[in-house]
Amino acid sequence: MNETTVKTGHPKGLWVLFGTEMWERFNFYGMRAILTLFMVNSLLIKEADAAIIYGGFLALCYLTPLLGGFISDKYIGNRYSIMFGGTLMAIGQFLLFISASSFDTNIGSAKMFMWIALFIIIFGNGFFKPNISSMVGSLYPKQEKSKLDSAFTIFYMGINIGAFLGQFICPWVGDVKDADTGVRDIFAFKWGFLAASIAMIIGTITFFMLKDKYVVTPEGRPIGGLPKNNDAGDFEEGETQTAKFTSKAIGIAFGLFAILFFVFRYILVGEFGFSSVEMGQLIKGIIYPFIYSAGISLAYLIMSSAESKVERQRIWVIYIVSFFIIFFWAAFEQAGSSLTFIADNQTDRNIFGWNMPPSMVQIFNGIFVVMLALPFSLLWDKLRAKGKEPVSPLKQAFGLAFIALSYFIIAHNVKDLGNSGLLAIKWLMLLYLIQTIGELCLSPIGLSLVGKLAPKRFASLLYGVFFISNAAGYALAGSLGAIIPATGDKYVKAEKIGINLQDVLDKKTTLTLEQAALFKKEQLPTEYTSFAGFEIHNLYEFFMVFVVLCGIAALILAFLSPRLKKMMNGIT
């Protein structure tokens, strides 16, 4: 047996990338668990604005892989990109630590440090994310590409071990409430961000020390080195070894991007100009149109570089599947915004006498992935051996169906809560279990699909393209998270002011100027939120939005799967 492989049939380099990604996900998901609570409680940002900022931040984190993938494929290779990205993310988390350490003396300065930190993390993730995924696919020679679904599911387990650790440790040290009074220690968030920074440093050092020994081909050649050192044996017969785009194609892509940017801006905020200064409107009017426009214009650019009909059809499959999973991530990423607010405001989090921090409730997703990733990997292997394995797009349709089911169940369990009833934490645990099953049908399978279908000369760039679907989903998640209706905690705050919040929402009570000022200070709503022209009156209607969106997407993708299978031209 070759010394670079282990008894599982997977190369040792997979486990190096597994460990590197594990620490990076500790860093990212640990920060994600406490970020919106830090914004709302320490920086006094409104919940709706925090949800939009959160969605915009995550969206940009999955848009910058386009830049990182392009620079990697064209100039510096996967290895240097991963080390550079990891270093940037460690610095960004440390700046969040500084922000959380200084808000009590100068909140303006603290917000500035937060924006700089998020900006640095966005670019760090852009260099790290597509390149480590691309390297997993590069570990396997052409004749072993059938192992990729299994390999990416194992890799995904590493992602979620890190997520589990981050979502446990960062809230444990950073989201602290007094056991007697229930008052949150708003100065503790800094320790969660510091833990995330340390984790990223460990991950970057792990990769640096082990890459030359294990992240190599069976012949011992380094994987992910400088593009100029690529070996012809790693490519399909006749395939170009470097990505090439004509000046005309690049010019058309930029022109298409500019036109679409203003079209999407008008659709989202109703104007072409930039008159608004509100944070939520700025993010929706700049970041979101940028993401949607970049995805479409880049589709044209990559298609212009396709060298054959087969290659063009395979790239189309990546784009078609990417569109549908936007709706999955829009629903799934409520974990860091609306589901966290519900866990904080209207959930009984008592587990055997211990009151779980609201930011830690997300941990169940990581736990369930760690428990289920290997069984899913074995399931795909067993079905493949019997010739019964579903085609990748159909697996992803199953993922959408599961997330629709999770929200359907939770919707019916919040239906009769009223304004002050508490949701039992077991229902959030069940939601995360079902969503995890959906995630394992969709996310690692999507990563594998890109690895199997993408031409090697711009594999990292196409991973960046695939992550645009994540970016677009996160952008939509921010917009949807912002329409969450008033929950129990809001009604309690209104009662303390001496006002019935339900009467205000139903327009039975008119606020005085003084009362309106108090409502603004306490971040209380004065009207119902809406989506696509429909008012959202309660949590039941809020959750049913995700049932409808994901359910319809699942049905259409399942219907298209046979056609997509043909377009994959022999790859499953």
Side-chain angles (χ1 to χ4, degrees), residues 27-58 60-61 88-125 166-167 169-179 181-200 277-283 287 336-338 340-341 343-345 357-360 362 478 481-482 489-490 493 517-524:
N27 139 81
F28 192 84
Y29 278 91
M31 172 272 297
R32 188 192 79 159
I34 61 177
L35 181 61
T36 52
L37 292 177
F38 167 64
M39 290 183 194
V40 171
N41 292 280
S42 297
L43 301 184
L44 305 180
I45 296 172
K46 293 180 179 179
E47 281 187 5
D49 285 341
I52 291 174
I53 293 169
Y54 171 79
F57 164 68
L58 287 185
L60 286 177
C61 279
L88 285 179
M89 283 190 282
I91 293 171
Q93 297 288 6
F94 189 76
L95 289 175
L96 281 176
F97 167 75
I98 293 176
S99 174
S101 302
S102 60
F103 71 88
D104 59 320
T105 55
N106 190 331
I107 197 167
S109 166
K111 286 182 178 179
M112 180 190 70
F113 275 115
M114 182 199 74
W115 288 117
I116 295 173
L118 296 183
F119 180 81
I120 291 174
I121 292 170
I122 285 166
F123 278 93
N125 188 77
Q167 289 169 341
I169 293 175
C170 292
W172 182 270
V173 299
D175 185 15
V176 180
K177 287 188 176 183
D178 186 275
T181 64
V183 176
R184 174 177 278 113
D185 180 0
I186 59 175
F187 301 100
F189 289 112
K190 60 184 178 183
W191 303 118
F193 295 131
L194 182 62
S197 179
I198 293 171
M200 193 65 253
V277 294
E278 292 186 10
M279 184 55 62
Q281 287 293 92
L282 285 174
I283 291 174
I287 295 177
S337 56
S338 64
T340 293
F341 295 142
D344 192 23
N345 299 332
S359 57
M360 195 184 287
Q362 302 172 45
D489 184 60
K490 296 258 190 311
K493 287 183 178 180
L518 286 171
F519 261 53
K520 184 176 182 180
K521 179 181 178 181
E522 295 295 334
Q523 302 183 19
L524 300 177

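Please read all numbers here as calculations on a predicted model, not as lab measurements.
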| task | May I have the step-by-step check of side chain to side chain contact (heavy atoms under 4.5 Å, CB included) for F341 and V40, ending in yes or no? | result | CA-CA 10 Å; F341 295 142; V40 171; 4.2 Å; yes

| request: Take F189 and F97 through the ring-ring contact (aromatic ring centres under 6.0 Å, His included) test and state the conclusion after the steps. | output: CA-CA 8 Å; F189 289 112; F97 167 75; over 10 Å; no

| message | Pair T340, Q362 - check side chain to side chain contact (heavy atoms under 4.5 Å, CB included), show working. | response | CA-CA 8 Å; T340 293; Q362 302 172 45; 3.1 Å; yes

| request: Would you please test Y54 and R32 for side chain to side chain contact (heavy atoms under 4.5 Å, CB included) and show each step? | output: CA-CA 9 Å; Y54 171 79; R32 188 192 79 159; 3.1 Å; yes

| task | Kindly indicate, with the supporting measurements, whether the criterion side chain to side chain contact (heavy atoms under 4.5 Å, CB included) is fulfilled by N345 and E47. | result | CA-CA 12 Å; N345 299 332; E47 281 187 5; 3.6 Å; yes

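In terms of the side chain to side chain contact (heavy atoms under 4.5 Å, CB included) criterion, residue partners of A117 (sequence neighbours excluded) are, by chain and number, L95, L96.
Formation of a donor-acceptor pair under 3.5 Å by the Q93 side chain with backbone atoms of N27 is found in this model. Between the side chain of D49 and the backbone N or O of I45 there is no donor-acceptor pair closer than 3.5 Å. Of the possible polar contacts, none joining the S338 side chain to the G481 backbone as a donor-acceptor pair under 3.5 Å is found. Under a 3.5 Å cut-off, the side chain of S42 and the backbone N or O of M39 do not form any donor-acceptor pair. Proximity of a side-chain donor or acceptor of N125 to a complementary backbone N or O of I121 within less than 3.5 Å is not detected. Side-chain N or O atoms of S359 include none that pairs as donor or acceptor with a backbone N or O of I34 at under 3.5 Å.
Looking at heavy atoms from C-beta onward, W115 lies out of side-chain contact with S99 at the 4.5 angstrom threshold.
Comment: D185 does not engage K177 in a salt bridge, judged by the lack of any side-chain N to carboxylate O separation of less than 4.0 angstrom.
Put simply, CE on M200 and CE on M31 are 11.5 Å apart, with the number rounded to the nearest 0.5 Å. Atoms NZ and OG, from K111 and S102 in turn, are 12.5 Å apart once rounded to the nearest 0.5 Å.
The number of heavy atoms from other shown groups lying within 6.0 Å of CZ (F113) does not exceed 12.
A perpendicular orientation is assigned to the rings of F103 and F38, their planes being inclined by more than 60° (bins at 30° and 60°).
Taking every heavy atom of both residues into account, S101 and D104 meet most closely at O-OD1, 3.7 Å.
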